[in-house]
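In what follows, a structure is listed as C-alpha cells, so that the remarks can point back to it.
Every value quoted in this text rests on a predicted model; they were computed, and no experiment measured them.
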Amino acid sequence: MHPTDIRDPDYFHKVVDCQWACPAHTPVPEYIRLIAAGRHADAYMVNWRSNVFPGILGRTCDRPCEPACRRGRVEEGNGEKPEPVAICRLKRVAADLKGDVRARMPKKAARGNGRRIACIGAGPASLTVARDLAPLGYQVTVYDAEAKAGGFMRTQVPRFRLPESVIDEEVGYVLDLGVEFVGGRRIESMKALLAEGHDAVFVGCGAPRGRDLDIPGRQEAAAHIHIGIDWLASVYFGHVERVGRRVLVLGGGNTAMDCCRSARRLGGEAVTVVVRSGFDEMKASPWEKEDAMHEGIPILDYRVPLAFEHEDGRLTGMRFQRVRAEYGADGRRSLVPTGEPDELIPCDEVLVAVGQENAFPWIERDAGIEFDRWGLPVLDKDTLQSSLPHVLFGGDAAFGPKNIIWAVAHGHEAAVSIDRLLSGEDPRERPAPAVTLVSQKMGIHEWSYDNDISPEERHKVPWAPTELALRRIDLEVELGFDDATAWREAQRCLNCDVQTVFEDGKCIECDACVDICPMDCISFTANGPEDELRTRLTAPALNPTQDLYVSGPLKTARVMVKDEDVCLHCGLCAERCPTGAWDMRKFLLHTTQAGPSCRDARPEAA
C-alpha cells in the first residue's frame, strides 16, 4: 500500500465515524467533550453552526451518527452488548441546559448586498439557506402556506415528541437574522414568482403528498380512512381531537409511528400497526418502533392489504393476505403468499402512512425547470441547481423524502451554490473544508483530553409515566438526561477526533506501542496489497469500510500499519513511545458554508 496521506481532509474525517455519517458533518466528539465540561452553551453553538436545530434534532433526528459510533463496534468486539454513545440525547442536553444564547448568535447584516433570495416553504432546508445567507447581506424572504414557520417539523411531528416551544425558539433564531417570513401565502406559480425578480429561488417545500391505498372499499369507507401526514396536521391544528376505539395504522415508517402513538393519545384503545414487509425491514428507526411498542401498540408484519371491509358506509375492518419473504438468486426480495387464510382485523378507523410523494403542480412545465419521469426535478446533486441555474431544490423536495438532518445538509450546500453563483463563481467548484490538527500533549504522560475509557453501558433516557403520557398529546414523553447522567454518558465517547498521528522518521521500531495497545490495532510488518495486508496484522482488520493507516518505509523496510476501525484513541501508544513518533492531535473539521470561506479567494485554514 502507498503511505497514507493524512493531509487529505477526508482521511481523519472518516476516522470520526459519527461526524462522517452525519449529513451535516456535525463535530460530535467536540460538543460531547464540551457537555462533559459543563459548557452547554458552547456545545450548543458548535451544534448550531452545523445542524441549525440542536433542540429539535436532539429529539427527532434519525441519528445516522449512532449506528456508525465506534463505541458500538468496540463493545461488540469485547463480547458485550454493543451500544453506541447516546449522541442524539446528548445533543438535547446541550439545548436544554444552554441558557440564553441570543447574544452569541450572528447579528443582522449591517447593510444588504442588494441580492434577493426567495425560499419556498419554511421547513428546515429553507430555514438553513436563510440562516446561512441572511448574515451575509442577502435579503431572504421565506414563503409558507401556514401562518408559522417550521414546516413539517411543526405540523407533522407530534408535540409529545417535540414541544412547540423548542420549534419557536430555534426557528426564531433564524428569523431574527433579518429574514422576512411571509406566512399564509402559498406560492401558486413559479413563473409568477420568477417574474418578481429574485436573484435566486430555493424550493424547500418538502414532499407534501401522502400516498393513498386504492383497494376495494376505499371509496365506500372514505370517511373513516385518513392519509397519515394530513391526519397528523389535522391533529396539530386541532381539527381532530378523537379517534375510534379500534385504529389500524398502515405503514412502517416514522410517520406511521407518529400516527399510532397519536391515535393512542386521542382515545384509541386498540391501536395496531400493520406492515407489508418484515419487522426488521421497516423504515422506522428502531427506537421509534420500541417507543410505540412500549406504549402497548403491536406491530404486525408480513401482511398485504386486500380490502377495506364496510357496512353502510361504516368501516368494520380490513382484510389482509399473509405473506413471507423469499429471496432470488440475485438477492432481490419478493413477498409470496403463505397459503394461510386471509386475515380480517376489525377496526373503526385507518390511518394510511405508506409513503410520501413530491408534488409540484405550481411549477409550470414551461418554466425552464426540467423534471424526470417520476416527477422529481432534474438536479445537479452537488450544487442542487435545477436546469434553471438560479432555481435550486433541497430537502425532501429535491430527491424525495429523507429526514430533517438531510434537509439541513441540503440547505448548507444550496446556500454555498447561491453565494458562489451570485458572486460570479462556478457553483460546481466546491471548496474543501477547513481543517485543524493540534497536538493534545501537555507533558510526557498528560493530555488535554480525558483518555480514560469508561466501562459504563449506555444510559437510558427517563420517560414520563406511561399512564400519564397517554392522557395528553402535548405532554413530552422523553424527559432528557439530567446533568449528572449526561456527564456519565459523555464519558463513553471515545474521542475519535483526537487522532493518532505517526511520524515514521522518529520511529526506532521498539514495538512498545504494539505491546501496550489494548486493541492490538498496531502492527509493524512488511508492506503488501491491502487485502493481503489486512489478514496478517497483529489482529486481522476485518472492516474494509474503515481505512488502514500505513506509514512510509522504516529502517528495517517494514511499515507501521494501524487499523483505524477499533482504535480507542486512548493515547497509550503515544504515552509509551520513547521517541515521540506517536502524537495525539485533535482534528477539527468545519464544513464549508456560504461566505468568504466558500469563495475562490479563500484564506488559509488556521
Tyr173: partners by side-chain hydrogen bond (donor to acceptor under 3.5 Å, both in side chains), with sequence neighbours left out: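 For Tyr173 the side-chain hydrogen bond (donor to acceptor under 3.5 Å, both in side chains) partners, ignoring immediate neighbours, are Glu169.
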How would you list, by chain and number, every residue that makes a side-chain hydrogen bond (donor to acceptor under 3.5 Å, both in side chains) with Thr272, sequence neighbours excluded?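 Testing Thr272 for side-chain hydrogen bond (donor to acceptor under 3.5 Å, both in side chains), a comparison that skips the adjacent residues, returns none.
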Verify the distance criterion only: is there a donor paired with an acceptor across the side chains of [X] and [Y] at less than 3.5 Å?
{"X": "Thr538", "Y": "Ser523", "answer": "yes"}
{"X": "Gln440", "Y": "Asn451", "answer": "no"}
{"X": "Asp62", "Y": "Asn254", "answer": "yes"}
{"X": "Glu564", "Y": "Tyr11", "answer": "yes"}

Can you confirm whether [X] sits close enough to [Y] that some side-chain heavy atom of one is under 4.5 Å from a side-chain heavy atom of the other?
{"X": "Lys148", "Y": "Arg154", "result": "yes"}
{"X": "Leu468", "Y": "Leu475", "result": "yes"}
{"X": "Lys91", "Y": "Phe53", "result": "no"}
{"X": "Cys496", "Y": "Cys18", "result": "no"}
{"X": "Leu250", "Y": "Val350", "result": "yes"}
{"X": "Val15", "Y": "Arg70", "result": "yes"}
{"X": "Val157", "Y": "Arg59", "result": "no"}
{"X": "Tyr44", "Y": "Arg104", "result": "no"}

Just wondering, are more than 12 heavy atoms of other shown residues or ligands nearer than 6.0 Å to NZ in Lys14?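 Count over threshold, so yes.
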Just wondering, more than 12 heavy atoms not from Arg276 lying within 6.0 Å of its CZ?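 No - once you tally the heavy atoms of other residues, nucleotides and ligands closer than 6.0 Å, there are 12 at most.
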Is there a side chain to side chain contact (heavy atoms under 4.5 Å, CB included) between Glu457 and Glu75 once you walk through the steps? CA-CA 9 Å; Glu457 295 182 351; Glu75 291 189 356; 5.7 Å; no
Smallest separation among heavy atoms of [X] and [Y], with atom names:
{"X": "Asp497", "Y": "Arg33", "value": "OD2-NH2, 2.7 Å"}
{"X": "Arg159", "Y": "Asp474", "value": "CB-CA, 3.9 Å"}
{"X": "Ile516", "Y": "Leu572", "value": "CG2-O, 3.7 Å"}
{"X": "Thr535", "Y": "Pro540", "value": "O-CG, 4.3 Å"}
{"X": "Gly251", "Y": "Ala256", "value": "O-CB, 3.3 Å"}

Start with the C-alpha gap between His226 and Cys259, add the side-chain angles, then the distance that decides, and say whether side chain to side chain contact (heavy atoms under 4.5 Å, CB included) holds. CA-CA 10 Å; His226 316 284; Cys259 284; over 6 Å; no
Stacked cation flag Arg261 on Phe160, 6.0 angstrom / 45 deg: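 Arg261 over Phe160 ring: no.
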With a 6.0 Å cut-off on the ring centroids, do Tyr449 and His569 count as close?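 No: the rings miss the under 6.0 Å criterion.
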Phe481 vs His459 aromatic rings, parallel, tilted or perpendicular, using cut-offs 30° and 60°?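 Ring orientation, 0 to 90° scale: perpendicular.
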Fit a plane to each ring of Phe502 and Trp582, take the angle between them on a 0 to 90° scale, and name the class: parallel (under 30°), tilted (30 to 60°) or perpendicular (over 60°).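 Aromatic pair Phe502/Trp582 classed tilted.
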Full working for side chain to side chain contact (heavy atoms under 4.5 Å, CB included) between Arg492 and Arg458: CA-CA 8 Å; Arg492 300 182 67 242; Arg458 178 173 167 133; 3.4 Å; yes
Got a sec, which residues hit ring pair (Phe, Tyr, Trp, His ring centres under 6.0 Å) with Phe152, two or more places apart in sequence or on another chain?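 Not a single residue meets the ring pair (Phe, Tyr, Trp, His ring centres under 6.0 Å) criterion with Phe152.
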